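To keep things clear, I will list the structure first and then write my remarks on it.
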Amino acid sequence: LWPWLLASSGLSALVQLVTLPFFPDSPSYLLIQKGNEEACRKAIRKLWGEGDHQAEINDIMKEKGAMASTKTLRVLEVIKERSLRWQLYILMTVMTTLQLCGINAVEFEEYLIPYVSLGVGLCECLSSILCSTLIDRFGRKVLLWGGYLLMCSVLALLTMTLSLQHRFFWMHYFSVILIFLFVVFYGIGP
């Protein structure tokens, strides 16, 4: 059953491969990148139907003007630019903590225990639904801090349960629940 389940994800890729050539190009791509206003109008009519869409075209033209006045920086220029230094530090910190938080170990180990991969997948779906509803309410910063704090707490509890698993028969199940919670908190926060 598992090979069929894994192969079923290829069905959506096949549907996308077949139908993608029939989709219209993005109106902003046609106007900004290609400079073809008539193709942009045609794509807008195909997407939104007939009508007056001049306001949308004006918005795209404003975006094109804003992009023309913005200078594209090279990597070394971004590093040297003092006004971008804090954003660069924050980005590096978040990316480093994402790599070192332990989610890769969970993703690797889930295939060794039967049915844990199914639970981890369900937890990832749950966390994406929760995150999409919570991010507007609390903001990204609170979710990052809360996610990392809860992940640290779960990892501390997981360390304790792994050291006590030989004393109590039910500790294995508690460890699996903690792994699921870790995945949920990872999906909500980082």
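Given the structure is predicted, the values throughout are model-derived calculations rather than measurements. Note that these values count all heavy atoms, side chains included, but never hydrogens, waters or copies made by symmetry.
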Could you measure the distance from the [atom1] atom of [X] to the [atom2] atom of [Y]? Nearest 0.5 Å is fine.
X: C131; Y: L143; atom1: SG; atom2: CG; answer: 5.5 Å
X: L130; Y: L126; atom1: CG; atom2: CG; answer: 4.5 Å
X: I79; Y: E81; atom1: CD1; atom2: CD; answer: 12.0 Å
X: M61; Y: E37; atom1: CE; atom2: CD; answer: 6.0 Å
X: L11; Y: Q16; atom1: CG; atom2: CD; answer: 10.5 Å
X: I90; Y: L84; atom1: CD1; atom2: CG; answer: 11.5 Å

Of all residues at least two apart in sequence or in a different chain, which pass the ring pair (Phe, Tyr, Trp, His ring centres under 6.0 Å) check with [X]?
X: W48; answer: H53
X: Y89; answer: W86
X: F168; answer: W170

Please examine the side chains of L144 and R140, heavy atoms only from C-beta on, and report whether any two atoms are closer than 4.5 Å.
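Yes, close enough: below the 4.5 Å cut-off.
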
Any non-hydrogen side-chain atom of E77 less than 4.5 Å from a side-chain atom of R74?
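With C-beta onward as the side chain, the pair touches.
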
Is L20 linked to L14 within one hydrophobic cluster, defined over Ile, Leu, Val, Met, Phe, Trp and Tyr using a side-chain heavy-atom separation of less than 4.5 Å?
no

If the condition is side chain to side chain contact (heavy atoms under 4.5 Å, CB included), which residues does [X] pass it with, not counting sequence neighbours?
X: R137; value: none
X: F169; value: none
X: E38; value: N36, R41, R45

List, one per line, each side-chain donor-acceptor pair under 3.5 Å for residues 181-190, sequence neighbours excluded.
none

Selection residues 119-150 - residue pairs positive for ring pair (Phe, Tyr, Trp, His ring centres under 6.0 Å), sequence neighbours left out
none

Supply the members, apart from V15, of the Ile/Leu/Val/Met/Phe/Trp/Tyr cluster built from side-chain contacts under 4.5 Å; use none for a lone residue.
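V15 clusters with nothing; isolated.
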
Mind checking who shares a hydrophobic cluster with L149, ILVMFWY linked at side-chain heavy-atom distances under 4.5 Å?
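Other cluster members: none.
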
Closest approach of S132 to I129 (non-hydrogen atoms, all atoms of both residues)
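That closest heavy-atom pairing would be OG-O, 2.8 Å.
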
Which heavy atom in C123 sits nearest to a heavy atom in F180, and how many Å separate them?
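Taking C123 first and F180 second, the nearest heavy atoms are SG-CB, 3.4 Å.
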
Pairs of donor and acceptor atoms involving the side chains of residues 24-34, under 3.5 Å and at least two apart or interchain, shall be tabulated with distances.
from, atom 1, to, atom 2, distance (Å)
S26, OG, S28, N, 3.4
S26, OG, S28, OG, 3.0

Quick one: side chains of residues 155-165, donor-acceptor pairs under 3.5 Å with protein atoms, not counting sequence neighbours, listed by atom name and distance.
from, atom 1, to, atom 2, distance (Å)
T159, OG1, L155, O, 2.8
T161, OG1, L157, O, 3.4
T161, OG1, L158, O, 2.9
T161, OG1, S175, OG, 3.0
S163, OG, T159, O, 3.4
S163, OG, M160, O, 2.8
Q165, OE1, H172, ND1, 3.3

